[in-house]
Number of protein chains: 2
Amino acid sequence: MIENCETLEQIANLARVSRSTASRVINSSPYVSLRARKQVLKVIHRTDYQPHQAVRTLVARRTNTIGLIIPQPVPRLFTDPFFPQLAQGISEVCHRRGYYLMLTLMATHADRDSLYRRMLHSGQLDGILVASAVLDDPIIPCLQASHHPCVLVGRNPTYPDIPWVDVDNVTGARRMTEYLISLGHRRIATITGSLNTVPGQDRLEGYRQALAQAEIAIDDTLITEGDFTEESGFYTMKRLMRLEPTAVFAASDLMAIGAIKALKQAGRSVPDDVSVAGYDDIPAAVRMEPQLTTVQQVVFDLGRMAAEKLIMLLDDPDASAYPLLPTTHLVVRGSTRTADRWPKPES
Amino acid sequence: MIENCETLEQIANLARVSRSTASRVINSSPYVSLRARKQVLKVIHRTDYQPHQAVRTLVARRTNTIGLIIPQPVPRLFTDPFFPQLAQGISEVCHRRGYYLMLTLMATHADRDSLYRRMLHSGQLDGILVASAVLDDPIIPCLQASHHPCVLVGRNPTYPDIPWVDVDNVTGARRMTEYLISLGHRRIATITGSLNTVPGQDRLEGYRQALAQAEIAIDDTLITEGDFTEESGFYTMKRLMRLEPTAVFAASDLMAIGAIKALKQAGRSVPDDVSVAGYDDIPAAVRMEPQLTTVQQVVFDLGRMAAEKLIMLLDDPDASAYPLLPTTHLVVRGSTRTADRWPKPES
DNA sequence: CTATCATTCGTGAACGCTCCCAATATATTC
DNA sequence: GAATATATTGGGAGCGTTCACGAATGATAG
């Protein structure tokens, strides 16, 4: 199956140098005369030579390949473009840094163990990126046992010592809540994501911070737990309506969409009666009426950072391990407006 | 970076056989006694041995790795879950068949050529899957020159001889149109996708076939070209409305959504005045009011077939190369209804 | 002119596996 | 019981690199 005919030996012969010298040129060793280097580079260019990756791996004990593992069948995989964007970012960095990217999606966890073993022990990977693992995913202990450098995409408090990158959910949620406050809202409800997930917790934390900062008393009845889905947004909003918040911060766009449906069904107008904000900026957010004010996470950057960080770790295992957080962006659209109006918004 | 300490030699010693015999066991050669096989398997299991992939590649001249290349920054990548589903299907087959999957996304085509070379000439890949290439993508000639077995995901009439798999756009569109006919519609308009794309053409062809089959004269004024986007659906529908079709088949859900917006804006009811059907079954299709009748493509199956076909080709380069088409499913929801009513639907 | 040193280069070993070939053990036939 | 066929097995070569080492070259100092 391998087409690569030219060998280093042949290159060396053509350039009238030894294998070693040719190798040194390829690996940019400083101990090569200018003349020899030029010779070799010319021949390489002319013959379109590519070193045989498998052999380099064998000898140099590094594969120049990193693995991207998506351990669970993430439902989110199919409703928001998180994964393609992440992969895009990772892929870009891999190209730029001369790495290959191996992908492992885990549709069924039937033979998960054999799969993990296959990925980890085949000697195919220099390092590993794990995306969206649930907190107690069994791959993480496996990973540590295998001594592969790795970076988690998504903070995992169960393993605080593993390097990670994440979107800054706290700040994103805080900014959004601050924005709602700046519009004059004081009675701001939130529909949280599942509180047994890190993003769920973090987005709630951001909401709390913003209220505290603005010295608005936190009313626990205005905090209700959803599970990121549209249905949960719908039903939670129905209950929340009685409390007459003037604004609602939903921790996902899907829940925001559900909440808006509930409000409309009850004859309330968004944003005139109630402002609603979401989180994620899924494609549907622009496609609805009104368009959704939301928080955009630059997942592309997240992927880039994850890959950069892992490669940094490969080059220097002791590299500093502080986490990286790409910034989030507020996307203000039609579903929110000022609250500087009469107390009872019955026009 | 490589952890894999056990070597075949060690396994052989532990099992009191030679390297060769151990190798034969691993590669399921028939020329091994039951006793020896048992011995070796026991040791392998006990030591959790994994053969070193790079060496196998070096010697056996196959990598057990296939590449998935997504050559262009496909905008669709970020709005519909095509890519994750495809990858999921491919990944599943790879695991089952003992292959690794290498991913290459092409965000920018800045240094496309060097990237192609790197993927094709590094000897890393046994075969290649190309997804969603535009018709004249330069990777296809490169691919042929590199003599890699490959399978295109998406038919490419420019290269009819390259094996491919695709969703059956013609049949999907035909079925949907037949369904509209079965509801009693006779004046059925279509908003096509870009007609310089294969899916655009194929979906139009399916529409035509259904009408021809039902002996409904094809009225070319009812065929208008969009470009798969929501905006194009919106504006095309505005023009189309004057012609008073009772049903519209849009070649993408996005266009159907745009069309519905145009109709609503003009005070027409969907489905009471006009039935609208889409294509793709994107997540937003269930999230609208009314929910969209559409065609679901089992992209997951498409990925599976693509991988299966490629692996088949790797095992036997002369394997029959007939294309595989996963079936499409009609998803009937609220945006369509019977037309068996009074001629003028002004209630 | 010789000794010392830095620079540059080339040889040989090794990586861990598969494949080829020859050798051995076992079964079968006459 | 010898001769032959068959089923197993083991040893050696080789895959294309990198790396450690030592040799060669040239420059500089004494």
Side-chain angles (χ1 to χ4, degrees), chain A residues 1-41 43-44 47-65 98 100 118 121-124 126, chain B residues 1-41 43-44 47-65 98 100 118 121-124 126:
Chain A
M1 300 302 155
I2 286 162
E3 196 36 51
N4 193 356
C5 287
E6 306 284 350
T7 85
L8 187 61
E9 188 97 47
Q10 294 168 1
I11 297 296
N13 288 341
L14 286 173
R16 308 180 168 284
V17 297
S18 74
R19 234 173 42 228
S20 297
T21 302
S23 173
R24 277 187 275 260
V25 170
I26 288 171
N27 296 290
S28 13
S29 152
Y31 302 113
V32 184
S33 66
L34 192 65
R35 221 177 57 86
R37 165 166 289 124
K38 267 191 186 164
Q39 286 278 349
V40 173
L41 287 178
V43 174
I44 286 178
T47 58
D48 208 28
Y49 167 79
Q50 284 268 345
H52 191 294
Q53 187 57 46
V55 183
R56 303 184 93 177
T57 296
L58 172 59
V59 176
R61 330 238 92 198
R62 59 148 53 208
T63 61
N64 290 314
T65 303
Y100 297 96
R118 207 166 84 90
H121 296 332
S122 67
Q124 290 265 74
D126 286 344
Chain B
M1 302 300 153
I2 285 163
E3 196 37 48
N4 192 356
C5 287
E6 307 284 351
T7 83
L8 187 60
E9 189 96 46
Q10 293 168 358
I11 298 295
N13 288 340
L14 286 172
R16 310 180 166 285
V17 297
S18 71
R19 231 174 42 231
S20 300
T21 301
S23 172
R24 277 187 277 260
V25 170
I26 287 169
N27 296 289
S28 13
S29 152
Y31 302 112
V32 183
S33 67
L34 192 64
R35 220 176 58 86
R37 165 167 288 123
K38 266 190 185 163
Q39 286 277 349
V40 174
L41 286 178
V43 174
I44 286 179
T47 58
D48 207 27
Y49 167 77
Q50 283 269 345
H52 191 295
Q53 188 56 47
V55 182
R56 302 184 93 178
T57 295
L58 172 60
V59 177
R61 329 243 88 198
R62 59 147 56 207
T63 62
N64 290 314
T65 302
Y100 297 95
R118 208 166 84 90
H121 297 330
S122 67
Q124 291 265 72
D126 286 345

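Worth knowing before you read on, the calculation uses all heavy atoms, side chains too, and leaves out hydrogens, waters and symmetry mates. Letters A, B, ... mirror the listed sequences (proteins, then strands); counts begin at 1.
One can place CD1 of Ile26(B) at 16 Å from C1' of dT9(D), the figure rounded to the nearest angstrom. As a whole-Å value, the separation of Arg61(A) CZ from dT18(D) C1' is 11 Å. Nucleotide dC19(D) holds its C1' atom 11 Å from the CG atom of Asn27(A), rounded to whole Å. Rounded to an integer number of Å, the gap from Arg62(B) CZ to dC15(D) C1' is 17 Å. We find that CG of Leu8(B) is positioned 14 Å from P of dC15(C), with the value rounded to whole Å. The CD-C1' distance, from Glu9(B) to dA14(C), rounds to 13 Å in whole Å. The CD-P distance, from Gln53(B) to dC17(C), rounds to 11 Å in whole Å. Between the P atom of dG16(D) and the CG atom of Leu58(A) lies a distance of 12 Å, rounded to the nearest Å.
When the side-chain nitrogen and oxygen atoms of Ser23(A) are compared with OP1 and OP2 of dT17(D), none of them lie within a distance under 4.0 Å. One finds no side-chain N or O of Tyr49(A) lying less than 4.0 angstrom from the OP1 or OP2 phosphate oxygen of dG16(D).
Going from atom OG1 of Thr65(A) over to atom CD of Gln53(B) covers 11.0 Å, rounded to the nearest 0.5 Å. With rounding to the nearest 0.5 angstrom, the OG1 atom of Thr47(A) is 9.0 Å from the CD atom of Gln10(A). To the nearest 0.5 Å, atoms NE2 (His52(B)) and OG1 (Thr57(A)) are separated by 7.0 Å.
Of all heavy-atom pairs between Arg62(A) and Asp126(A), the closest is CA-OD1, 3.4 Å. Contact detail for Thr7(B) and Tyr49(B): the closest heavy-atom pair is C-CE1, 3.8 Å.
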Per-nucleotide protein contact string for nucleotides 7-12 of chain C (B base, S sugar-phosphate only, - none; heavy atom under 4.0 Å) = -BBBBB
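Defining each end axis of the helix from dC1(C)-dG30(D) to dC30(C)-dG1(D) as the rotation carrying four pairs' C1' atoms onto the next four, with five pairs an end, the two axes are found to diverge by 50° to 10 degrees.
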Which atom pairs, donor and acceptor, lie under 3.5 Å between side-chain atoms of residues 30-38 of chain A and protein residues at least two apart or in another chain?
residue  : atom : partner  : partner atom : Å
Ser33(A) : OG   : Ala36(A) : N            : 3.2
Arg37(A) : NH2  : Ser29(A) : O            : 2.7

Show me the donor-acceptor pairs, under 3.5 Å and distance only, between side chains in residues 12-26 of chain B and residues at least two apart or in other chains.
residue  : atom : partner  : partner atom : Å
Ser18(B) : OG   : Ser20(B) : N            : 3.3
Ser18(B) : OG   : Thr21(B) : N            : 3.2
Ser18(B) : OG   : Thr21(B) : OG1          : 3.3
Ser23(B) : OG   : Asn27(B) : ND2          : 3.4

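Comparing dT17(D), dC17(C), dC15(C) against the side chain of Val55(B) picks out dC17(C) as the nearest.
Judged by distance alone, the side chain of Thr63(A) and the main-chain N or O of Gln124(A) form a donor-acceptor pair under 3.5 Å.
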